[in-house]
Every structure is written in structure tokens, then in C-alpha cells.
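What follows is a short report on a single structure.
Below, chains carry the letters A, B, ... as their sequence lines are ordered, and counting in each starts from 1.
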Number of protein chains: 2
Amino acid sequence: MTDSSPTDSPRAQIKRQQIMAAARQLFLAQGYERTSTETIRQAAGISKQTLYVYFPSKVELLSAVVTEELAGFTLAQLRPAPTTLSELRAQLLGLAQGFTRQMMQPDALALLRLLIGEAVHLPELRGTLRRAFPARLLARVEALLSAAHTAGLINAPNLNLSARMLVGPVISFVALDGLLSDQPLGGGPPAPPGLETLTELVDLFLLTVAKGSRG
Amino acid sequence: MTDSSPTDSPRAQIKRQQIMAAARQLFLAQGYERTSTETIRQAAGISKQTLYVYFPSKVELLSAVVTEELAGFTLAQLRPAPTTLSELRAQLLGLAQGFTRQMMQPDALALLRLLIGEAVHLPELRGTLRRAFPARLLARVEALLSAAHTAGLINAPNLNLSARMLVGPVISFVALDGLLSDQPLGGGPPAPPGLETLTELVDLFLLTVAKGSRG
DNA sequence: TTCAAACTGTACTGTACAGTTTGATTTTTC
DNA sequence: GAAAAATCAAACTGTACAGTACAGTTTGAA
């Protein structure tokens, strides 16, 4: 937003990245309030003045970090609409697997924690919530199911609820095992659900949209 | 824990509650770091000295507040093991409904936000996570399904995953619409899913554990 | 009336922090 | 090699905060 960089030269870009990398690590590890600009400047190896040349305030630095971090999350490639149940199954599995793999990383969980805990109190981050990863997954699955429904593959009168039947269990792994478990911070990442579990989940899910299962 | 109350007289109990009520409101609205002991003391209408007589530190006050708040959440009464599918259905619906009704309250969401955002950084709260509400729901549903399975009502080789198939979608409402939506803070509570939606959800879920649907 | 517990207000300690100012020094660019 | 841009260190401003010290006041029961 407020681009107070000295120039937009490659040089300046690099410095920006250098500052953001340092800030990123600290914000994710300690949270926003517990991280001081002094610590950030030390970690970035620059003077305080330079920091404020590149970012007008601490909160704008956070905003830049979070925005970039969020942009790093990707959902599995959008593929052509499925024409068979087996294609649908494969696409759903791909989405579920890609999501959990990325999300169960310590950094991803820390980012989510940061967003959930701080965004309410920081207007600068408010809009970021809408673009948050789990919400994007729900939209994507809903679109996929809609296509499958149009193609006559499945039976789903309530698309949003059906999407939640798949996305919900996936989120439950992240939320319960990732966000709400009390493992010590250094104690390695929480174990993500295995591929077999996700396959089993997708198959259970397909039962709920199978043709003929309801009116 | 550290009980530094002047006495355990009813009088002291009341004062404790009075302080905790003020702190509760502030912590939930603003978060831990953004709430000062000075503000708490003002809201409680007492002197700073008194506050520190009843609670040895700010973080212990938070801990007391969170612990009490969490104790206020209840799951639907434990009922006798279901003997018919229709009983199972009713019990599942009761759990899902009770959970969402409580959880979609602004205060409940704020507490969850506080737990997720702060507990990692405050050893005093770490253990509280294990007792957090959503995790309790999963355990309860799993136990219920186990009983139903023993009674021969359902088919569920993977009890934990099956429980997640119900709990996950319920959590998805809280997580996506409650925690990760960016509605302005004063803008009323997020709309909880209606009873029809939850009924539909339970029925979809039952398809995944219906006898005969898989080996 | 006395006594003890609870409470008050105020001032204070020590610390931490975001952001600014200054004036000098380095680095880049032409 | 000079002008311009970027960076630096360090001191400083103003504020905020957790927790303590203190000296005096209220309250309620014996």
C-alpha cells in the first residue's frame, strides 16, 4: 500500500525481502505484540532507521508479511470438470491432500494462529481473513461439486453443506490436532493424516453424494 | 492454584468473581496483551493493590478467567447408549445442535480466539488447550459411535475418522463463519446453521456409517 | 472501644517499546 | 571523483505498563 521504498530498484526489492524474512520468522514464532521492532532490525541486520524507510510502521510490516505468506499457499491446480466418478474422486483427494500437507506445517499453523488471534484487533489485516486458506478450500470444493452435479455424477441438493462434509473433516485435523493441541512448541510438527486416511475420508464422503442415496 | 485470597470467606469469593467478571469482558474483547491491569482495576472498581491481593499476576488472572469460562461450556447430557438408529440420530443431533448454539456466541468465539492466539505463548494456559471444547466434542461423538457400533447399529471400521465426518462439518461452521470471517466486531453474531441444516448434516453423516454401505 | 483484616489512592521503580531526529558515513551512479 | 541516494549509530521523545511501597481509611466483629 504505502510504498515508501527508496526506489523500486532490484536492490530495494531485495532489502524489502530481507526485512520481511526476519520479521516473518519472529512474528510467526512469537506473535505480533511480543515482537519488537528492535528485535526485527537486529535479525535483519539493519538499522532502525532503514526499517522505517522501507515500512512506514510495524503493523504495515506485519501486513506485508502476512499477505505474502498467504499468497504462498496454493490449492491443487484447477483441472477440467470431472466426467467420471473416478476423476471426481481423484480431484477431491488431490485437494484434500494438498491442503493438509501445506497446512500441517508449523509455519502454516503459526500463520493461522496469528491471523485468528490478531486480525480482529488489526484493521489492516481484517480483509486478509476473507482470503484465508480454509475458506478458499471450501469455495473450491463447492465449485468442483457443482460441476460434478451438472455432469450428473452426483446427487447434492445442498452444495454448500456437501462441500462442508468433505472440507470439515479435513479442517478438523488442522484445528484439533494442529491449533488446539498443546504439544510443546519445539516438539516437531503434528502428524498429518496419512494418505490412506484421506482416501478413506474421500470414499466416505462420496457415499453422501452417491446417486440414489436420497431423493 | 496460588490462592492468595485474603480468606476463603464468601466475601472474598464475591470479590474474586467481581474482578474476574471485569477481566473476562476485557480479555475477550481486546485480547491479553492489549488489556492492562490498570483498565481491569478500573472496570472492577477496585484499587490496583486489591487486584494483586486476589491474583498474584496478570497471567494468573487470565488463567483463572479462561478456566472458569471453559468450565461453562457443556455438552448435551450423556444419555444411555442408543438401541435404535433413530435414537442414535437424535443424540447426534442433540450434540451437534448444543455445540453450535454455544459456540456461535460472540463470547465463545472470542474465547476460542484467545486460546488459539495466546495459549502457545503462555505456559499457564498450555494445558487448557487439551480441555478445549471442540476436542471434547470429538471424543464424545467417538464414544457414542463406539456404543452404536457395539450395539450393531452402524458400520464404522475407523471410529475416529467417522467421528470427524460429523464433527468436522460442525467445526467448519465455527471455524470458517465464526473465526475466519471478517465481519466487523460489533456486527452481531454470525448466523449459526439452522436446525434443518444440522438435521440434514446428521442424515448425510448416517449414510457414511449405514450398514451394508461397505465391507 | 479496640483490633484486625480488607481496602484505598497515590506515587514510584524499572522496564519496554514505537517512532523520530541528527549528523556522519558509506555506497551507488553518472 | 563528485553528486545523490542509502545507510548507519546513537541519542532522544513520549508513552505505556506490570508490579511494589506506603501511609492512611473503612468495616465489622469481639
| message | Measuring from atom CG of B:Leu109 to atom CG of B:Leu111, what distance do you get when rounded to the nearest 0.5 angstrom? | response | 9.5 Å
| remark: Quick tally for nucleotides 24-30 of chain D: nucleotides whose base has a protein heavy atom under 4.0 Å get B, sugar-phosphate-only ones S, the rest -, giving -------
| remark: CZ of B:Phe205 to CG of B:Leu93, rounded to nearest 0.5 Å, is 12.5 Å
| note | Computed from five pairs at either end and rounded to 10 degrees, the angle between the axes of the helix from C:dT1-D:dA30 to C:dC30-D:dG1 is 10°
| task | Any pair with a residue in residues 21-35 of chain A that passes side-chain hydrogen bond (donor to acceptor under 3.5 Å, both in side chains), sequence neighbours left out, goes on the list, sorted by first then second residue, please. | result | A:Arg24-A:Glu69, A:Arg24-A:Asp107, A:Gln30-A:Thr35, A:Glu33-B:Arg34, A:Arg34-B:Glu33, A:Arg34-B:Glu118
| remark: Applied to residues 41-58 of chain A, the salt bridge (Lys or Arg N to Asp or Glu O under 4.0 Å) test, sequence neighbours excluded, yields A:Glu38-A:Arg41
| said: Any side-chain to backbone donor/acceptor pair from B:Thr197 onto B:Pro193? Under 3.5 Å, distance only. | reply: no
| request: Could you tell me whether a side-chain N or O of A:Thr128 sits under 3.5 Å from a main-chain N or O of A:Leu125, the two making a donor and an acceptor? | output: yes
Donor-acceptor list for residues 72-79 of chain B side chains, cut-off 3.5 Å, not counting sequence neighbours:
none

| query | Okay, side chain of B:Arg131, backbone of B:Gly127: is any donor-acceptor separation there less than 3.5 Å? | reply | yes
| query | So, the side chain of B:Ser146 versus the backbone of B:Glu142: is there a donor-acceptor pair under 3.5 Å, distance only? | reply | no
Check: protein-nucleotides 16-22 of chain D nitrogen or oxygen pairs below 3.5 Å:
unit_1, atom_1, unit_2, atom_2, d
D:dA18, OP1, B:Lys58, NZ, 2.7
D:dA18, OP2, B:Thr37, N, 2.8
D:dA18, OP2, B:Thr37, OG1, 2.9
D:dG19, OP2, B:Tyr52, OH, 2.8
D:dG19, OP2, B:Lys58, N, 3.0
D:dG19, N7, B:Lys48, NZ, 3.1
D:dG19, O6, B:Lys48, NZ, 3.3
D:dA21, N7, B:Gln49, NE2, 3.1
D:dA21, N6, B:Gln49, NE2, 2.9
D:dC22, N4, B:Gln49, NE2, 3.3

| said: Check whether B:Gln17 reaches the backbone of B:Ala12 with its side chain - one donor and one acceptor, N or O, closer than 3.5 Å. | reply: no
